[in-house]
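Below is one structure; the comments refer to it alone.
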There are 2 protein chains.
Amino acid sequence: MSAGRTARERVRAELTREITDIARRHLAVEGAAGLSLRAVAREMGMVSSAIYRYFPSRDDLLTALIIDGYNAVGEAVENADAARPREDHAGRWMAVCHAVRDWALAHPHEYALLYGSPVPGYKAPDDTVAAAVRDTVVYGRILADAHEAGALTPPDVLPPPPASFSTDALRVREVMPGLPDDLVARALAAWTGLFGWVSFELFGQFNSVILDPATAFDHTMRCHGMLLGLRSG
Amino acid sequence: MSAGRTARERVRAELTREITDIARRHLAVEGAAGLSLRAVAREMGMVSSAIYRYFPSRDDLLTALIIDGYNAVGEAVENADAARPREDHAGRWMAVCHAVRDWALAHPHEYALLYGSPVPGYKAPDDTVAAAVRDTVVYGRILADAHEAGALTPPDVLPPPPASFSTDALRVREVMPGLPDDLVARALAAWTGLFGWVSFELFGQFNSVILDPATAFDHTMRCHGMLLGLRSG
DNA sequence: GAGAAAACGAGAGCAGTGCTCTTGACGACT
DNA sequence: AGTCGTCAAGAGCACTGCTCTCGTTTTCTC
């Protein structure tokens, strides 16, 4: 990755990085709708058409920012998870929840780009999925660790999922090996609950109703963890 | 509302409605980003500047579409709720869930406009909140009905919310009178879980993983209902 | 009913956008 | 040394939101 062979490749990599850096700054300030190739070029002292040597279209630049965003939130989640002892499964879950929310609050426009409406007529998912699942992989590992340690003891108050769910559960189980179908279903509920909450809070659905979202968020995520069987110490 | 006094007011109301209708059609086809005032004017046989007599800016037109959208999903939810017997609280909850999801699948771009990223630099919430809470009011009424009937018997497996949650619970309780704080907290979890799921499904987060989202959705919402104490018959 | 006032559609125009094409210069390989 | 590919620059196209002006038409007021 670093130090391309020729000088041309080196300066090209550097300019590409500079473009994405400036674009990310513009994105953070005015959002995805206000990201302008010409403005980026202007700030770089280039003419607008020169940008197209590096990104074939505006959507490609946005895709690059999306991938960077997924990696950023994935890294934040990985770090939060790694900072907890491996056997503190409940603590790791809560750390992941707060990492997602904190990152979203710090980078609202980037979060909107990742988990909000798909802006430019449905992005190409092929390049992005690899980066998009980093946080999910961490989440799955927590559950798999807890299950392997026999620490996943969910309360027996929910109905089992229908048999037709098993084929989908098979695919989800790839990131949380060993979990039975009913726990896979609960894992989906908790995961969508996490992002549903963050989206509601960030997109203004809680406006003038929930004035202390941090408290309610923490409690809600703790409940989701309990339902997963992650009994906190 | 109907039949304004003068002929001018009548044609003005009709043209305003025609603009929003065409705009909604364009929105449904190409999304909010592709909505163009000039294209709407072109289809109406007007010149672009004439539109500004009816909507001072593109954002105002979008705001009108947002309000219409909130009313549409609110009406769908109200109808789904009304089609069930009043005492079938669990059935009403499931009907509301499916109404939200069905409407979202039928109007993906409109759903994205309402519950996705706030597009034009944060909309003015003042005009929209009145319409935005229609579905929430239905949801709250179901829970209040169930609670009043003594049918809200949630499993005792979750920790109580912290005391500092009570002031926020006070505001939420306005739409679900009588519910204690811990049930208000569960209501928030279920509500965000519903929209979190629909957003994940609609925005492509489930792509190539959950291939039968209808089944998983139904089961997940049933679980949310159980946790609320809505034991289905 | 005549005149003032407001509302209206049309048109030109400004500043901005994504994107394409061509031109001329520089760097990299044979 | 010469060829070839890459590069920045510029002009230009079609489009956008929005503003302003100019006649026309409708409404309100006297």
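In what follows, chains are A, B, ... by sequence order, proteins preceding strands, each numbered from 1.
- At least one side-chain heavy atom of B/Val184 sits less than 4.5 Å from a side-chain heavy atom of B/Phe165.
- Under 3.5 Å, the side chains of B/Asp60 and B/Ser57 contain a donor-acceptor pair of N or O atoms.
- Qualifying salt bridge (Lys or Arg N to Asp or Glu O under 4.0 Å) partners for A/Arg17, counting only residues two or more places apart in sequence or in other chains: A/Asp21.
- Residues A/Ile19 and A/Met44 come closest through the heavy atom pair CG1-SD, 3.3 Å.
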Distances under 3.5 Å between nitrogen or oxygen atoms of protein and nucleotides 28-30 of chain D:
none

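- The nearest whole Å value for the distance from the CE atom in B/Met44 to the P atom in C/dA10 is 10 Å.
- Two residues are said to be in side-chain contact when any heavy atoms from C-beta on lie closer than 4.5 Å; B/Arg12 and B/Tyr54 meet this criterion.
- For the pair B/Tyr70 (side chain) and B/Arg134 (backbone), a donor-acceptor distance under 3.5 Å is absent.
- A donor-acceptor pair under 3.5 Å is absent between the side-chain atoms of A/Thr192 and the main chain of B/Gly196, judged by distance alone.
- Put simply, the side chain of A/Arg173 gets close to the backbone of A/Leu179: a donor and an acceptor are under 3.5 Å apart.
- What separates CD of B/Glu30 from P of D/dC15 is a distance of 13 Å, to the nearest Å.
- Taking the C1' atoms of five terminal pairs at each end of the helix from C/dG1-D/dC30 to C/dA25-D/dT6, the two resulting helix axes are inclined by 0°, rounded to 10°.
- Open room surrounds CD on A/Glu14; 12 or fewer heavy atoms of other groups in view lie less than 6.0 Å from it.
- Proximity of B/Tyr139 to B/Val100: side-chain heavy atoms (C-beta onward) are nowhere separated by under 4.5 Å.
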For nucleotides 6-9 of chain C, which of its nitrogen or oxygen atoms have a protein nitrogen or oxygen under 3.5 Å away, and what is each distance?
residue : atom : partner : partner atom : Å
C/dC8   : OP1  : B/Arg12 : NH1          : 3.0
C/dC8   : OP2  : B/Arg12 : NH1          : 2.7
C/dG9   : OP1  : B/Tyr54 : OH           : 2.7
C/dG9   : OP2  : B/Tyr54 : OH           : 3.4
C/dG9   : N7   : B/Arg53 : NE           : 3.4
C/dG9   : O6   : B/Arg53 : NH2          : 2.5

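- Closest heavy-atom contact between A/Leu35 and A/Arg58: O-NH1, 2.5 Å.
- Proximity of a side-chain donor or acceptor of B/Asp81 to a complementary backbone N or O of B/Val77 within less than 3.5 Å is not detected.
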Side chains of residues 209-217 of chain A: which donor-acceptor partners sit under 3.5 Å, not counting sequence neighbours?
residue  : atom : partner  : partner atom : Å
A/Asp212 : OD1  : A/Thr215 : OG1          : 3.4
A/Asp212 : OD2  : A/Thr215 : OG1          : 2.5

When you compare the protein's N or O atoms with those of nucleotides 17-20 of chain C, which come within less than 3.5 Å of each other, and at what distance?
residue : atom : partner : partner atom : Å
C/dT17  : OP1  : A/Ser36 : OG           : 2.9
C/dT17  : OP2  : A/Arg42 : NH2          : 2.7
C/dG18  : OP1  : A/Leu37 : N            : 2.7
C/dG18  : OP2  : A/Leu37 : N            : 3.2
C/dG18  : OP2  : A/Arg38 : N            : 3.2
C/dG18  : N7   : A/Arg38 : NH1          : 2.4
C/dG18  : O6   : A/Arg38 : NH1          : 3.0
C/dC19  : OP2  : A/Tyr52 : OH           : 3.3
C/dC19  : OP2  : A/Arg58 : N            : 2.7
C/dC19  : N4   : A/Arg38 : NH1          : 3.4

